[in-house]
Amino acid sequence: MLRSRAATDLVEPAAARPTQRLLSLDVFRGLTIAAMLLVNNPGTWSHVYPPLEHAEWNGWTPTDLVFPFFLFIVGIATALSLGGLRDAGAGRAPVFRKALVRAAIIFGLGLLLQGFPHYDLPHLRIPGVLQRIAIAYLLTAIVVLLTGVRGQVLTLLGLLLGYWTLMTLVPVPGVGRGVLEPEKNLSNWLDFRLLGVNHVWHETRTWDPEGLLSTLGAVASVLCGVLAGHWIRSRYRMDAKAFGLFYAGGMILLLGWVWSHIFPINKSLWTSSYVLLSAGLACLVLAAIIWLVDIEGYRGWTVPFLVFGTNAITAYWLSTLCGIVLDWITLGGPAETDQVVLKTYLYESFFASWLAPADASLAYAVAFVVVWLGLLSFLYRRRIFIRI
């Protein structure tokens, strides 16, 4: 069968296809993790620049893109890894067991963070960031193992439309249907009934930003990444892949914006429009990184992000544990009024003493990221990559 020259020029010869880790993906992952550390560790939550805070409810800020970007990357990695195993002839059962063990470990690591240091089990928050990653990854892995690309597209559409239907048409007892306000929506009602007041986010005690029903949206975010991963695994040349991601990102972003007029963009509810907005922007960012790194060869700037990206879960888990410890250790005299937590002492001594409050809070966060960059560089230089 003959091909046109134009079509042939878009396809890489088999021998030219790289088999090593995708550098662009590690850079994107590292950029996301660095942003996660930055926004999660201000010097004080009382003084944070608006772009570094989550939207109060509807709408979005750059900070609201960090978590869905990571889930999108999880989806790409799932497509690459499971696709490689299936190409090698691995059966579904051992691959599923591997995915199940990985999800269980990530979920357990999340619970360890939630309870540290006291582990008050009757009041332990069950949902969380790592728990959501674990559940969304496992459910997506099942879909990938049982279906092809067509089935994954249909599953994605089913999740987006089904979640929209549930949130807008199913009535909430005592409230009615279609109410998406805090503590009045279906997702909140289910969290309160199924998890209970003692096992949801302590800031509210009535709902959780990583709740049960909104996990459907998170799974959709991972599936968006899976579909992008299939495109990246294709035989097309890298420039064609970058263009495809850029084009798809623009179209998905537009669709999310249109949908947001009837189903608002909302991270706490992980609405369908939010899934599309974040996936569209993730495609655009990844396309830009592929163009810079893999096509134009600008790689000098990538090293800090490779440090974070090649040990992503380790970076997140250890830095979060460190943040908890800094808020737990107290300094000062025996009287409670004389005591101050270590984080506050460091912030006030090294940053707030000479900078304006918002600048000092940001400087502390940047210093936190730089410290962890140095610690993780020790692992990176020795080629130590902790896989889960």
So, Tyr236 versus Trp231, ring centres under 6.0 angstrom or not?
yes

With a 3.5 Å distance limit and no angle check, can you tell me whether Ser361 reaches the backbone of Ala358 through a side-chain donor-acceptor pair?
no

I need the Asp327 CG to Leu342 CG distance, nearest 0.5 Å.
9.0 Å

Validation row, ring centre Tyr316 to ring centre Phe70 under 6.0 Å
no

Any side-chain donor near an acceptor of the partner, Arg29 and Thr310, under 3.5 Å
no

Exercise: identify the closest heavy-atom pair between Cys224 and Val275
SG-CG1, 4.1 Å

Do the side chain of Gln114 and the main chain of Pro127 share a donor and acceptor less than 3.5 angstrom apart?
yes

Sidechain-backbone polar pair: Thr271 side chain, Asn266 backbone, donor-acceptor under 3.5 Å
yes

Trp45, CH2 atom: more than 12 neighbouring heavy atoms under 6.0 Å:
yes

ILVMFWY cluster, Val144 and Leu154 together (side-chain gap under 4.5 Å):
no

If you count heavy atoms of other groups shown closer than 6.0 angstrom to OH of Tyr345, is the number above 12?
no

Between the main-chain N or O of Phe72 and the side-chain N or O of Ser221, is there a donor-acceptor pair closer than 3.5 Å?
no

Would a distance-only check, ignoring hydrogens and angles, find a side-chain to backbone donor-acceptor pair under 3.5 Å from Asp191 to Leu212?
yes

Do Lys267 and Glu56 pass the salt bridge (charged side-chain N to carboxylate O under 4.0 Å, His left out) test, and can you show the C-alpha distance, the side-chain angles, and the key distance before you say yes or no?
CA-CA 10 Å; Lys267 178 191 177 294; Glu56 188 172 345; over 6 Å; no

Taking Asp64 for the side chain and Thr61 for the main chain, is one N or O donor matched with an acceptor at less than 3.5 Å?
yes

Aromatic ring proximity Phe67/Trp270, centre distance under 6.0 Å
yes

Donor-acceptor contact below 3.5 Å, side chain Arg299 vs main chain Val293
yes

Within the side chain of Asp359, is there an N or O that forms a donor-acceptor pair under 3.5 Å with the backbone of Leu355?
no

Could you check whether the rings of Trp257 and His261 sit parallel, tilted or perpendicular, using 30° and 60° as the cut-offs?
perpendicular

Would you indicate whether Arg150, at its atom CZ, is surrounded by more than 12 heavy atoms from other residues, nucleotides or ligands within a distance under 6.0 Å?
no

Taking atom CZ as the centre, does Phe385 end up with more than 12 heavy-atom neighbours from other residues, nucleotides or ligands that are less than 6.0 angstrom away?
yes

Can you tell me if OH on Tyr119 sees more than 12 non-hydrogen neighbours from other groups inside 6.0 Å?
yes

